[in-house]
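Side-chain atoms are counted along with the backbone in the values below, which use heavy atoms only and exclude waters and symmetry mates. Just so it is clear, the structure is predicted and the values come from calculations on it, not from any experiment. For ligands, and for the atoms within them, numbers begin at 1 and follow the listed sequence.
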Amino acid sequence: MSITRIARIARIARIARPGRLALGHARRTLSSSAKLAQIQRPVDGLVIGAYESPKVSEPGYSPSLLAGSSLPDSARENICKILASARFKGESKECRTLYNLEGLPPIVSVVGLGKADADDNQRAESARVAAATGAASIRSHFKNSLAHIEFDALGSPLASGEAAALSTYAFDKYKQPKSRDPVLSVDFHDSVNADAEHEFAWRVGFIQGSAQNMARKFADTPANLLTPAIFSQQAKNLLEYLPHTQVHVHGMEWAARNKMGAFLSVGRGSDEPVKFVEVVYSGGKADEQPLALVGKGVTFDSGGISIKPSTDMALMKGDMTGAAVVISAMWAIATLQLPINVVASIPMTENMPSGKATKPGDLVTAMNGKTIEVDNTDAEGRLILADAIYYTATAHKPHSLLSLSTLTGAIDVALGSVFGGAFVNNDDLWKVIEDSGKRSGDRFWRMPLDDAYKPQIRSHVADLKNVGGRSGGSCTAAIFLKEFVPQENEKPLVQFAHLDIASLMHKRDSSGYLSAGMTGRPTRTVIEIAKAFAK
Ligand code: BES
Ligand code: MN
Ligand code: ZN
């Protein structure tokens with residue numbers, strides 16, 4: 001291994017050490033992690049995995065495909081014997097809890113990893129589910145207390161690290177201590193066979209999972225506690241001390257100077273001032289074009305004058321998930337010090353009705369000079385993104401621009417919560433997005449970005465109308481955004497992808513490695529996209 005790679009492993013190991021603390025403030029993380037690394041905590045529980053074995057009824061059955069690779073041979077043999085008696089097959093989600101085994105932590109949770117010959121992406125997903133299953137079974141032993149859990153590589157160390165973070169997230173800081181979840185700290189299982197490559201991958205995974213948890217926390221936070229002013233300040237606190245990272249928080253005057261009439265028209269109805277956060281990460285070569293990320297930061301979407309029905313309106317505190325994902329992915333990109341240049345633009349505003357609010361039928365002029373008839377004030381996301389996309393493409397000249405937004409309810413009708421919708425103007429960029437989604441397990445399906453939808457957003461009074469009717473609601477939103485991707489000789493200046501993540505935003509019930517609540521999806525896919533471009 002090269003010196004720089006070892007140094008990188010050591011640094012990441014230091015940052016990713018402190019379990020839950022890494023979910024908090026970056027500065028606090030960095031200082032407390034240094035201290036925590038020196039404290040050897042007793043391990044309360046250990047999660048290991050085993051692949052599916054031949055049938056239990058077959059002669060010579062032994063659950064020998066034990067992935068608990070970090071354990072000494074004697075312990076593995078002992079565990080195999082117990083598992084055979086317990087008729088353990090190794091199927092996904094199958095779980096056995098073993099207690100007080102010689103030389104091992106008091107609780108060992110063995111979970112099934114499914115088929116050993118599955119492809120890498122499937123094995124990673126099995127590892128995530130297994131880590132969550134094991135963590136949940138250990139956690140059930142603890143109430144109102146602290147517990148330290150360690151994880152085996154589970155056949156896919158990166159995925160094990162991701163799920164160690166994801167499956168131990170809880171948003172309970174506003175509850176009385178007695179009704180909070182047990183606080184779990186987590187780590188890679190350090191043992192005799194500790195493999196530096198595995199440990200490195202696990203810690204990278206832990207950082208990626210922690211980034212998604214940050215996005216969840218931003219989205220779970222009620223809108224009165226996360227206004228544009230507070231959100232932008234928190235983004236600054238989180239990112240500004242990371243290496244090669246600059247953060248600028250702009251206000252209304254800056255947006256007005258840049259003639260962002262579409263963005264500003266959304267903020268008019270609110271008493272909370274709008275903010276526009278710009279992040280520049282220069283981990284790549286100075287002359288390299290950046291990747292650009294744009295995130296929808298509507299901290300609360302009431303619908304404005306075209307007000308939403310009250311059922312489930314509370315979920316619209318999560319209408320800043322695109323912003324949360326972009327900020328959290330930037331945290332991971334800078335923490336992992338990926339060799340790449342990335343810029344991020346995040347317009348932040350509330351969408352509220354008031355005497356000053358934009359009214360249906362009003363006309364606004366976007367930064368690129370196009371006029372828009374605001375037919376429905378609830379189609380506000382595309383208005384703020386119109387200016388953010390045009391600004392980012394012209395000011396930073398990225399090779400590719402990805403916008404992330406909880407844009408349309410219609411994408412949930414089309415794809416549900418399994419896939420996000422990707423509207424992409426370039427086949428190569430689509431391939432990167434598709435592959436990255438398969439790696440993270442948080443996947444995208446390609447949708448049409450086609451000018452044949454344009455007639456639906458024609459206006460009698462302006463260049464464009466901000467809604468295109470019920471039919472193809474996600475596709476007309478996408479083609480609206482495309483109007484703000486700068487062109488030269490009829491060709492787009494950048495590779496452009498609009499990711500509609502509305503249907504990924506929230507979960508009603510817990511399942512797999514994500515509990516109910518805001519999901520922070522697709523933070524890990526965005527990190528994988530950045531890694532793909534960094535290669
Ligand atoms: N923020 C919503 C979309 C949304 C819906 C996000 C459900 C998450 C969950 C967006 O601003 C919106 O209101 N879209 C309208 C567009 C319509 C007015 C054309 C919608 O989907 O109903
Ligand atoms: Mn809306
Ligand atoms: Zn919205």
Next item on the list: Kindly say whether Thr358 contributes a backbone atom to a donor-acceptor pair with the side chain of Asp362 at under 3.5 angstrom?
Entry: no

Notebook entry, point to check: Got a sec: is Asp319 within less than 2.8 Å of the Mn ion (ligand 2) via an N/O/S atom?
Noted result: no

Check: Taking everything shown except Asp119 itself, do over 12 heavy atoms lie less than 6.0 Å from its CG?
Finding: yes

Item checked: For ligand 1, the portion of Met320 having any non-hydrogen atom under 4.0 Å away -> neither

Notebook entry, point to check: For the Mn ion (ligand 2), which N, O or S atom of Glu380 is at the shortest distance?
Noted result: OE1

Checklist line | Thr245 side chain to Glu240 backbone, donor-acceptor under 3.5 Å | finding: no

Check: Do NZ/NE/NH1/NH2 and the carboxylate oxygens of Asp463 and Arg458 come within less than 4.0 Å?
Finding: no

Notebook entry, point to check: Which of the numbered atoms in ligand 1 are below 4.0 angstrom from a heavy atom of Arg382?
Noted result: 16 (C), 19 (C)

Item checked: Subset of ligand 1 atoms that lie under 4.0 Å from at least one heavy atom of Lys296 -> 1 (N), 10 (C), 11 (O)

Item checked: Sub-6.0 Å ring centroid separation between Phe263 and Tyr391 -> no

Next item on the list: List the closest protein heavy-atom neighbour of atom 15 (C) of ligand 1: residue, atom name, distance to the nearest 0.1 Å.
Entry: Asp378 O, 4.1 Å

Checklist line | Any protein heavy atom nearer than 4.0 Å to atom 22 (O) of ligand 1 | finding: no

Note to self: Within the 4.0 Å heavy-atom shell around Val467, which atoms of ligand 1 are there?
What the structure shows: 19 (C)

Next item on the list: Show which atoms of ligand 1 fall inside a sub-4.0 Å distance from at least one heavy-atom site of Thr406.
Entry: 1 (N), 2 (C), 3 (C), 6 (C)

Item checked: N/O/S atom name from Asp301 that is nearest to the position of the Mn ion (ligand 2) -> OD2

Margin query: Check for me whether the distance between the ring centres of Phe533 and His399 falls short of 6.0 Å.
Written below: yes

Notebook entry, point to check: Are there more than 12 heavy atoms of other residues, nucleotides or ligands under 6.0 Å from atom NZ of Lys507?
Noted result: yes

Margin query: As a test of reading the structure, name the N/O/S atom of Asp301 that is nearest the Zn ion (ligand 3).
Written below: OD2

Item checked: Within reach of ligand 1, part of Asp301 (heavy-atom separation under 4.0 Å) -> side chain

Check: Is the shortest side-chain N to carboxylate O distance from Glu434 to Lys431 below 4.0 Å?
Finding: no

Next item on the list: Run the contact test for Arg470 against ligand 1 with a 4.0 Å cut-off on heavy atoms, strictly below, and give the result.
Entry: no

Next item on the list: Determine the minimum heavy-atom distance between Met518 and Arg216, stating which atoms define it.
Entry: O-CG, 3.5 Å

Note to self: Nearest non-hydrogen contact with atom 14 (N) of ligand 1 belongs to which option: Ile411, Leu383, Asp412, Leu407?
What the structure shows: Leu407

Check: Which N, O or S atom name in Asp319 marks its closest approach to the Zn ion (ligand 3)?
Finding: OD2

Next item on the list: Flag Ala379 as yes when one of its N or O atoms lies below 3.5 Å from any N or O atom of ligand 1, and as no otherwise.
Entry: no

Note to self: Among all protein heavy atoms in this structure, tell me which lies nearest to atom 20 (C) of ligand 1, with the distance rounded to 0.1 Å.
What the structure shows: Gly409 N, 3.9 Å

Margin query: Suppose I only count heavy atoms of Asn376 and a 4.0 Å limit; which atoms of ligand 1 are within that range?
Written below: 18 (C)

Next item on the list: Answer yes or no: is there an ion pair linking Lys296 with Glu380, defined by an N-O contact shorter than 4.0 Å?
Entry: yes

Checklist line | With the Zn ion (ligand 3) as the apex, the NZ/OE2 angle for Lys296 and Glu380 - to 10° | finding: 90°

Check: Which of the listed options, Lys308, Met316, Glu380, holds the heavy atom that is closest to atom 8 (C) of ligand 1?
Finding: Met316

Note to self: Tell me which one of Phe423, Phe444, Phe480 satisfies ring-ring contact (aromatic ring centres under 6.0 Å, His included) with His498.
What the structure shows: Phe423

Note to self: Closer than 4.0 angstrom, basic N to acidic O: yes or no for Asp451 and Lys482?
What the structure shows: yes

